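Have a look at the structure below, then the notes.
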Amino acid sequence: MGTVYIIGLGPGNEDYILPIARKKIGQVGHIIGAKRMLEAVGRQDGEVMGTIEDTIAFIDEKEQEGEVAVLVSGDPLMYSLARSIQQDERSKEWYIQMIPAVGSLQMLGASFGITMEEAKITSIHGRAVKRGTIAERVTENRLNFFLCSKEQGPSYLAEICLEYGISDVHFYIGANLTYEQEFLEEGIPEEIKGREYPSLCVVAIENENPKSIVRRAYLGDDAFIRGKTPMTKEEVRVLALHNLNLEPDSVVWDLGAGTGSISIECARQCPFGEVYAVEYKKDAIDLIEKNKEKFDCMNLQIVEGKALQVLSELPIPDSVFIGGSKGELEEILEEIQSRKQGIRVVISAVTMETLSEAITLLKGWNHVSMLQVNISKSRELGSYHILEPQNPVTLLMAES
C-alpha cells in the first residue's frame, strides 16, 4: 500500500504554505499539481494536473513506486479534490494522508475579525445550489460562509436575499486574499446587488436575528375557494403531503392540480422552494389563481397545459404529486425517471384502473409502497348521527 499525500497550499501567497507541507513536497518522489503550484514549490519536475481521472490514474501508477503528493489550492478538507480521490475505488489500496492549510474562508474571517464557531459553510462554485436553499440558510443561521464563482458571486447572493425579503443582514466580501490585489468590502444587500466583483470571491453573511423555519399547519377543505373542480380531500391531502417528504427548499410538481389544494399546501410548507401547479382546465386554473392570491403563495407557479406538453420546461423536482394524468401516466413517469435519481413521487388513485396501471408502471422503482385511505364522516340523520363512507383513495409512493 502506497502513501498518497494530499497537500493544501493555502490561499495563494507562498508565505502561507506550512513548513510540514514544504517538507513533504521536498521528500516525495512523485508529485502532481497545477503548473503554477508546481512552480511555487520549486517542483517543475512534477506532473501537470489535467482531469480528475488523469490525476487518479497518475497516482495509481506512481504510488507503487513510492510516495506521491497531490497539490491542491486552499485547504484540502474544504471542497477540494480530496473527496473525489477518496471516492474512487482505486484509493482503497492507498494510504491517504492529508496536510491541511489555511483556506480562503479562514482568511476572510481573519480579515474582518469574524470567528467561525457558528458558521454554516456552502460552496456555490460549480455546484447547483437552489436559490431557496441559500435563502433558507441565511434565514436560519447567524453566520454563513460562501465559496463563490464568477456567475454566483456577492451580487447574486444579495439578489437572493432581497428576493426573499432578507434585507437586515451584513455582507463581508473578500477576493484575491493574501495577494497584492487583495479586495475587501462589506455592506448590506441593497448596496451589494448589481455591483461587479472579482471572479472568485468568498462571502460571509451575518444575520443577527436568525429564526427557525416552522412549517405551518395543514388547511381544512373549507379554507379553500371551491368550485365544481374536484379537490383532494383534507384527510388524503395530509397523508399525501406527509409522504412527499417536503423540505423548506423543495422543488415540487403538482400534476393535475385541480383547485390547487396540494399546490397551496406545498407552497406553504416550502417557503424557500418552488411549486409548479400543472393544469389544463380553464375553470381549475382560475381557482388556483384565486387560492394562490388568498394564501399569498408567491413561490407557486401556475403552468397551463397538459403535463407532457410542459414538463420539459420545468426545473428538476425533488417531489411530484400526480393527482391526474389523463391517460399519460406511463409517459409522465418516464419523464420523471429521465431527470434524476431520488425524486419522490406520490400518485393518487381513485379508480381501480388507475391503481392497477400505477402498480404495473412502478415495478423497478425504488422504495415502492401503498397506502389506502378509507374515511367515513359523520352527518346528522334526524336526532342521530351516522358515519357516511367516502370513496377510498389509494396513495402509491416511490422514488426514481
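Source: prediction; values computed, not measured.
Among all heavy-atom pairs drawn from Asp221 and Thr232, the shortest one is OD1-O, 4.2 Å. The minimum heavy-atom distance between Ile7 and Ala21, with the atom names listed, is CG2-CB, 3.6 Å. When all heavy atoms of Leu246 and Cys266 are compared, the closest pair comes out as CD1-SG, 4.0 Å.
Between Val251 and Ile316 the shortest side-chain heavy-atom distance does not fall below 4.5 Å. For the pair Val278 and Leu314, the minimum side-chain heavy-atom distance is below 4.5 Å. Considering only heavy atoms from C-beta on, Leu71 comes within 4.5 Å of Ile25 through its side chain. In this structure, Glu265 and Leu219 have side chains that are in contact, with non-hydrogen atoms separated by less than 4.5 Å.
Side chains of Tyr197 and Glu185: a donor on one and an acceptor on the other come within 3.5 Å. For the 3.5 Å distance criterion, the side chains of Thr51 and Asp54 qualify, holding a donor opposite an acceptor.
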List the atom pairs, with distances to 0.1 Å, where a side-chain N or O of residues 128-141 and a protein N or O form a donor-acceptor pair under 3.5 Å, not counting sequence neighbours.
unit_1: Lys130; atom_1: NZ; unit_2: Asp249; atom_2: O; d: 2.7
unit_1: Lys130; atom_1: NZ; unit_2: Asp318; atom_2: OD2; d: 2.7
unit_1: Arg131; atom_1: NE; unit_2: Glu163; atom_2: OE1; d: 3.1
unit_1: Arg131; atom_1: NH2; unit_2: Glu163; atom_2: OE1; d: 2.6
unit_1: Thr133; atom_1: OG1; unit_2: Asp249; atom_2: OD2; d: 2.3
unit_1: Arg137; atom_1: NH1; unit_2: Thr122; atom_2: OG1; d: 2.9
unit_1: Thr139; atom_1: OG1; unit_2: Ala135; atom_2: O; d: 2.8
unit_1: Glu140; atom_1: OE2; unit_2: Ile213; atom_2: N; d: 2.8
unit_1: Asn141; atom_1: ND2; unit_2: Arg137; atom_2: O; d: 2.9

Review item, side-chain donor-acceptor pairs of residues 165-179, under 3.5 Å, at least two apart:
unit_1: His170; atom_1: NE2; unit_2: Glu186; atom_2: OE1; d: 2.8
unit_1: Tyr172; atom_1: OH; unit_2: Glu206; atom_2: OE1; d: 3.1
unit_1: Thr178; atom_1: OG1; unit_2: Asn13; atom_2: N; d: 3.2

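In this structure Phe145 satisfies the ring-ring contact (aromatic ring centres under 6.0 Å, His included) test with no other residue, sequence neighbours excluded.
Identified under the ring pair (Phe, Tyr, Trp, His ring centres under 6.0 Å) test for residues 13-67, with sequence neighbours left out: none. Here ring pair (Phe, Tyr, Trp, His ring centres under 6.0 Å) pairs that include residues 365-392, with residues two or more places apart or in two chains, number zero. Listed by first then second residue, pairs satisfying side chain to side chain donor-acceptor pair (under 3.5 Å) with a partner in residues 293-303 number zero, not counting sequence neighbours.
The neighbour count for Gln44 CD, taken as heavy atoms of other residues, nucleotides or ligands under 6.0 Å away, is above 12.
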